[in-house]
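Along the sequence shown, residues are numbered consecutively beginning with 1.
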Amino acid sequence: MKVSEMSRKTKEEHAAFLLKFSNSLILAFIITITIAPMGMIIGHIVEGNVQKTSWLQISTVIASWQGIAFIALEALAAFLSLYTRNQAYMIYNTLYPDSDA
């Protein structure tokens, strides 16, 4: 069903879902960006390789194609989050236009 064919209540619920989805993606993005590198560092510390742990060594643990795939998926998540948020705002703007505009 197209958004233009939806009732006002359905449009509002759809926009609310899009905002929730966008926020979930942003949270997942932030968690992945912060937790994944910290997990690798903590893993090296637990193994007893504290003096050997460096960014160069950590970068060799991940293959280049994995790094590219990780960056691509994170960029896709960020783009999808911004796109869904924009769609939700467009729906809200059509439902509740400013009276002074």
Practice prompt. Identify the heavy atoms of Leu25 and Ala77 that sit nearest to each other, and give their distance.
Written response: CD1-O, 4.1 Å
Item to complete: Flag yes if Leu19 and Phe17 sit in one hydrophobic cluster, no otherwise; membership is Ile, Leu, Val, Met, Phe, Trp, Tyr, and two members link when side-chain heavy atoms are under 4.5 Å apart.
Response: yes
Practice prompt. Please round to the nearest 0.5 Å and tell me the distance separating atom OG1 of Thr94 and atom OH of Tyr89.
Written response: 14.5 Å
Response to the item:
In terms of heavy-atom contacts, Ser81 and Ser22 come closest through O-OG, 2.9 Å
Worksheet entry | Residue of the set Leu80, Leu18, Ile26 for which side-chain contact (heavy atoms from CB on, under 4.5 Å) holds with Arg85 | Ile26
Worksheet entry | Pair Lys9-Glu13, salt bridge (charged side-chain N to carboxylate O under 4.0 Å, His left out): steps then yes or no | CA-CA 6 Å; Lys9 180 66 176 170; Glu13 290 296 322; 3.4 Å; yes
Fill in: Heavy-atom closest pair, residues Phe29 and Ala78
CE1-CB, 4.5 Å
Item to complete: Say whether, by atom type as modelled, one donor and one acceptor occur between the side chain of Thr32 and the main chain of Ala28 under 3.5 angstrom.
Response: yes
Discussion item. Please find the pair of heavy atoms, one from Lys11 and one from Met6, that lie closest to each other, and give the distance.
Written reply: CE-O, 3.4 Å
Discussion item. Tell me the closest heavy-atom pair linking Glu12 and Tyr92, and the distance in Å.
Written reply: O-OH, 3.7 Å
Worksheet item: Would you say Leu76 and Ile30 are hydrophobically clustered, going by side-chain heavy atoms of ILVMFWY under 4.5 Å?
Response: no
Fill in: Same apolar cluster: Met90 and Tyr96, side chain cutoff 4.5 Å
no
Worksheet entry | Least distance between heavy atoms, Leu95 atom then Arg8 atom | O-NH2, 3.1 Å
Practice prompt. Answer yes or no: does atom CZ of Phe70 have more than 12 heavy-atom neighbours from other residues, nucleotides or ligands under 6.0 Å?
Written response: yes
Practice prompt. Answer yes if Ile68 and Leu73 sit in the same cluster of Ile, Leu, Val, Met, Phe, Trp and Tyr residues linked by side chain heavy atoms under 4.5 Å apart, and no otherwise.
Written response: no
Worksheet item: Hey, does the side chain of Asn86 reach the backbone of Leu82 with a donor-acceptor pair shorter than 3.5 angstrom?
Response: no
